[in-house]
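Just below is one structure, and these are the notes that go with it.
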Number of protein chains: 2
Amino acid sequence: MATRKTLVVGDSVVGCCGTLGSQVLSVGEADDLAQIFGALADPARLRMLSMIASSDEVCSCALEQPLEKSQPTISHHTRILAAAGLIVGERRGRWTWWRAVPERLEAVARLLSD
Amino acid sequence: MATRKTLVVGDSVVGCCGTLGSQVLSVGEADDLAQIFGALADPARLRMLSMIASSDEVCSCALEQPLEKSQPTISHHTRILAAAGLIVGERRGRWTWWRAVPERLEAVARLLSD
DNA sequence: TCCTTAGATCGATGACTGTCAATGTATAGT
DNA sequence: ACTATACATTGACAGTCATCGATCTAAGGA
């Protein structure tokens with residue numbers, strides 16, 4: 001049996017995946033992974049994540065204009081990225097500051113190529 | 001400016017992406033990447049890719065039963081994975097044999113973690 | 001030349017997703 | 001308290017997607 005890493009998706013803990021090719025994914029693993037890739041499968045979210053990962057921290061208010069989306073839409077997308085564990089938000093005063101979670105990106109990357 | 005690799009999506013060639021975090025993605029880059037992640041964002045396709053990557057070659061006919069999907073659905077999913085460059089198919093006689101494209105998976109992986 | 005088989009394509013349908021206007025909920029300043 | 005601000009949530013709508021039955025195409029075999 002291949003090495004297994006632990007990956008957290010939303011609330012559920014997933015024993016996850018030597019590599020895509022090392023062993024056939026179970027239905028449950030595939031569902032959880034699909035959620036993560038689904039979060040990455042939207043251009044607006046990819047640009048959003050790219051912006052957040054490029055800076056140390058980004059305020060929600062700084063995303064609206066460059067992405068040319070309304071405030072509710074930005075909120076919707078940050079929610080999905082956060083649910084996938086790709087970003088984390090911290091509310092300080094009136095602003096929510098978002099940070100990327102590099103370990104998360106690396107976990108997904110390892111899954112694809114190890 | 002960050003290192004740029006070349007990535008082919010379907011027919012179009014994309015100058016693509018030091019890393020998500022190294023520089024903000026353009027709209028065009030984000031669209032192309034979203035297509036790739038979209039191909040990975042379905043549980044049936046992930047299991048399919050996992051099966052193909054685990055063997056050397058897999059016949060379409062060998063996917064129907066374990067995935068519990070109809071033949072048109074299998075055909076639909078292989079098409080999407082192939083359009084994203086993640087698998088390639090070769091028709092030999094009556095059967096189509098599918099192979100994974102590891103370089104492709106690695107290119108995506110590098111994008112996430114380099 | 002038929003018949004069979006593997007796979008692709010078409011058409012329909014139900015489910016999901018991105019989007020925004022309107023509204024709700026805190027927080028900060030006055 | 002009152003007002004303004006930064007986000008979240010809700011509701012609605014349009015567009016996309018997964019799925020399958022039916023049909024089509026191409027390749028073998030009899």
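Being a predicted model, the structure only gives us computed values, none of them experimental. Each chain gets a letter, A, B and so on, in the order its sequence line appears, and its residues count up from 1.
- Closest non-hydrogen pair, S70(B) versus E64(B), comes out as C-CG, 4.1 Å.
- Note on R79(A): only backbone sugar-phosphate atoms sit closer than 4.0 angstrom, heavy atoms only; bases stay farther off.
- Residues from residues 43-69 of chain A with heavy atoms under 4.0 angstrom of DNA chain C, sorted by number: R45(A), K69(A).
- For the pair Q71(B) CD and dA22(D) P, the interatomic distance rounds to 14 Å; values are reported in whole Å.
- Comparing A41(A) and I74(B) against DNA chain C, the residue whose closest nucleotide sits nearer the 5' end is I74(B).
- With values rounded to the nearest 0.5 angstrom, I52(A) atom CD1 is found 7.5 Å from T78(A) atom OG1.
- Across all strands, H77(A) comes closer than 4.0 Å only to sugar-phosphate atoms, never to a base (heavy-atom distances).
- For R94(B), whose side chain is taken as the heavy atoms from C-beta onward, the closest listed nucleotide among dA6(D), dT19(D), dG28(D) is dG28(D).
- Atom OG of S75(A) and atom NZ of K69(A) lie 15.0 Å apart (nearest 0.5 Å).
- T73(B) has no side-chain polar atom (N or O) that falls below the 4.0 Å cut-off from OP1 or OP2 of dT19(D).
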Verdict with supporting geometry, F37(B) and L46(A), side-chain contact (heavy atoms from CB on, under 4.5 Å): CA-CA 10 Å; F37(B) 286 120; L46(A) 278 176; 4.0 Å; yes

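- In this structure, of dA22(D), dG28(D), dA22(C), it is dA22(D) that holds the atom nearest to the side chain of P72(B).
- Atom CD in E90(A) sits about 15 Å away from atom C1' in dC7(D), given to the nearest Å.
- Across the protein-nucleic acid pair, R92(A) atom CZ and dA28(C) atom C1' stand 16 Å apart, rounded to whole Å.
- The structure places CD1 of I80(B) at 4.0 Å from CZ of R45(B), a figure rounded to the nearest 0.5 Å.
- The distance from atom CD of Q35(B) to atom P of dT16(D) is 14 Å, rounded to the nearest whole Å.
- Using a 4.0 Å heavy-atom distance criterion, T96(B) is classed as a sugar-phosphate-only contact.
- Atom pair L81(A):CG and dG18(C):C1' shows a separation of 14 Å (rounding to whole Å applied).
- The phosphate of dC20(D) (OP1 or OP2) has a side-chain N or O of S70(B) nearer than 4.0 angstrom.
- Rounded to whole Å, atom P of dC7(D) lies 10 Å from atom CH2 of W98(A).
- As a whole-Å value, the separation of W95(B) CH2 from dG28(D) P is 9 Å.
- Checked by atom type and distance alone, the side chain of R91(A) never pairs as donor or acceptor with a backbone atom of T96(A) at under 3.5 Å.
- The nearest whole Å value for the distance from the NE2 atom in H76(A) to the C1' atom in dT10(D) is 13 Å.
- Here D42(A) contributes atom CG and R47(A) contributes atom CZ; the two are 11.0 Å apart, rounded to the nearest 0.5 Å.
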